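Here the structure comes first, spelled out in structure tokens, and everything after it is commentary.
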Amino acid sequence: QKEVEQDPGPLSVPEGAIVSLNCTYSNSAFQYFMWYRQYSRKGPELLMYTYSSGNKEDGRFTAQVDKSSKYISLFIRDSQPSDSATYLCAMREPNFGNEKLTFGTGTRLTIIP
Amino acid sequence: DAGVTQSPTHLIKTRGQQVTLRCSPISGHKSVSWYQQVLGQGPQFIFQYYEKEERGRGNFPDRFSARQFPNYSSELNVNALLLGDSALYLCASSLMHQGAEQYFGPGTRLTVT
């Protein structure tokens, strides 16, 4: 079993819809949770960064972490065609000096105009 | 400010050859990490360096090595290339404080024939 599980999709939704992306994990030591957006053949771009459980909102994006269920989510409101990309969840333990990120496989998202 | 830069952008090598990939971190960032991303998968952690010392190593063979220079730039070396080494190699940098965010470069796409 992988430490981080993510549905690879692909996921297609109409423009303006709310998108929900999810990851589950098995390592209870993970404390930092990230969502990266990756356009085709580009490097990952940091979208959201949260520590421990709770919600964080930034514009049209909301990240949720439920440590009791080992489940994290990213919501995109009013989705735009420019949101079409692969979304990677990533997480790490709170070990100072060791910054290893463990990623999911990524979910490929297409927003249909 | 410039982001993380990597060179070269693309590289084609033959099985058995050796390759060196280069990374320059964001100005002020002293920690550099390397990841391998195979098509359709999330990035896999290879190495982390901080102040020229190795701080973390992923599950990769000894054919993979890296180093960090006094200016915090880094090189990743891969010897005796195999077809399976074909991937996008990503470099990430951070400020290396507790919970520091990691920012990725555009990557080097390596093709082994």
Side-chain angles (χ1 to χ4, degrees), chain A residues 2-10 21-25 27 29-52 54 56 58 63 65 72 74 85-108, chain B residues 3-7 9-10 21 23-26 29-51 53-60 68 74 87-111:
Chain A
K2 291 183 178 180
E3 274 192 297
V4 179
E5 299 278 358
Q6 183 175 10
D7 186 341
L21 303 169
N22 312 292
C23 289
T24 60
Y25 63 95
N27 184 352
F30 287 144
Q31 292 278 0
Y32 295 97
F33 303 91
M34 289 132 271
W35 287 94
Y36 285 87
R37 178 174 62 193
Q38 186 174 29
Y39 292 112
S40 181
R41 296 182 171 269
K42 302 293 185 184
E45 170 193 2
L46 182 62
L47 271 180
M48 300 291 284
Y49 185 98
T50 54
Y51 171 71
S52 195
K56 183 176 182 178
D58 184 0
V65 175
I72 70 171
L74 177 70
T86 296
Y87 289 80
L88 296 155
C89 64
M91 41 201 84
R92 58 167 283 211
E93 299 180 16
N95 297 327
F96 180 74
N98 184 340
E99 297 192 318
K100 174 188 173 183
L101 295 179
T102 302
F103 282 86
T105 55
T107 299
R108 187 173 177 180
Chain B
V4 177
T5 59
Q6 293 185 242
S7 63
T9 305
H10 297 94
L21 311 180
C23 171
S24 291
I26 293 171
H29 286 195
K30 298 181 178 181
S31 175
V32 170
S33 298
W34 288 95
Y35 291 80
Q36 180 196 63
Q37 187 178 24
V38 174
L39 194 62
Q41 298 295 318
Q44 297 291 315
F45 175 76
I46 309 175
F47 286 111
Q48 184 208 344
Y49 275 78
Y50 175 68
E51 293 284 8
E53 290 188 3
E54 182 183 302
R55 291 300 190 99
R57 173 185 284 256
N59 188 23
F60 280 81
Q68 187 177 34
S74 177
L88 181 67
Y89 288 85
L90 296 162
C91 173
S93 75
S94 83
L95 284 168
M96 190 65 173
H97 60 70
Q98 182 75 331
E101 300 167 343
Q102 291 186 50
Y103 297 92
F104 283 83
T108 293
R109 185 161 299 280
L110 172 65
T111 302

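Note that the structure is predicted; figures quoted are calculated from it, not measured. Convention: sequence-line order gives letters A, B, ...; per-chain numbering from 1.
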Please look at [X] and chain A and tell me whether the side chain, the backbone, both or neither of the residue comes under 4.5 angstrom of a heavy atom of that chain.
{"X": "B/Glu53", "result": "neither"}
{"X": "B/Ala100", "result": "both"}
{"X": "B/Arg109", "result": "side chain"}

Query - Among A/Pro94, A/Gly106, A/Pro8, residue most engaged with chain B (heavy-atom pairs, under 4.5 Å) - result: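 Sorted descending by pairs with chain B, the first entry is A/Pro94.
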
Query - Over 12 non-hydrogen atoms of neighbours within 6.0 angstrom of CD in A/Glu5 - result: yes

Query raised in the report: What is the distance from atom CG of B/Leu90 to atom OH of A/Tyr36, rounded to the nearest 0.5 Å?
Result: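 Result: 10.5 Å between the selected atoms.
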
Query raised in the report: Between A/Tyr51 and chain B, which part of the residue has a heavy atom less than 4.5 Å away: side chain, backbone, both or neither?
Result: neither

**Report entry** Structural part of A/Gln38 lying under 4.5 Å from a heavy atom of chain B
**Finding:** side chain

Report task. Using a heavy-atom cutoff of under 4.5 Å, enumerate the residues of residues 39-46 of chain A that contact chain B, numbered in order, or state 'none'. Result ->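 Checking residues 39-46 of chain A against chain B gives A/Arg41, A/Lys42, A/Gly43, A/Pro44, A/Leu46.
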
Query - Over all atoms of both residues, closest heavy-atom pair of B/Gly42 and A/Leu88 - result: CA-CD2, 4.0 Å

Requested in this report: Could you tell me which of B/Phe45, B/Tyr103, B/Phe47 has the largest number of non-hydrogen atom pairs under 4.5 Å with chain A?
Outcome: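 Winner by heavy-atom pair count: B/Phe45.
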
Report summary line: From the list A/Glu99, A/Lys100, A/Met34, side-chain contact (heavy atoms from CB on, under 4.5 Å) partner of B/Gln102 resolves to A/Glu99

Requested in this report: Tell me, please, which residues at least two apart from B/Glu51 pass salt bridge (Lys or Arg N to Asp or Glu O under 4.0 Å).
Outcome: B/Lys30

Query raised in the report: Within the distance-only criterion (no hydrogens, no angle test), does the side chain of B/Tyr35 pair as donor or acceptor with the backbone N or O of A/Leu101 below 3.5 angstrom?
Result: yes

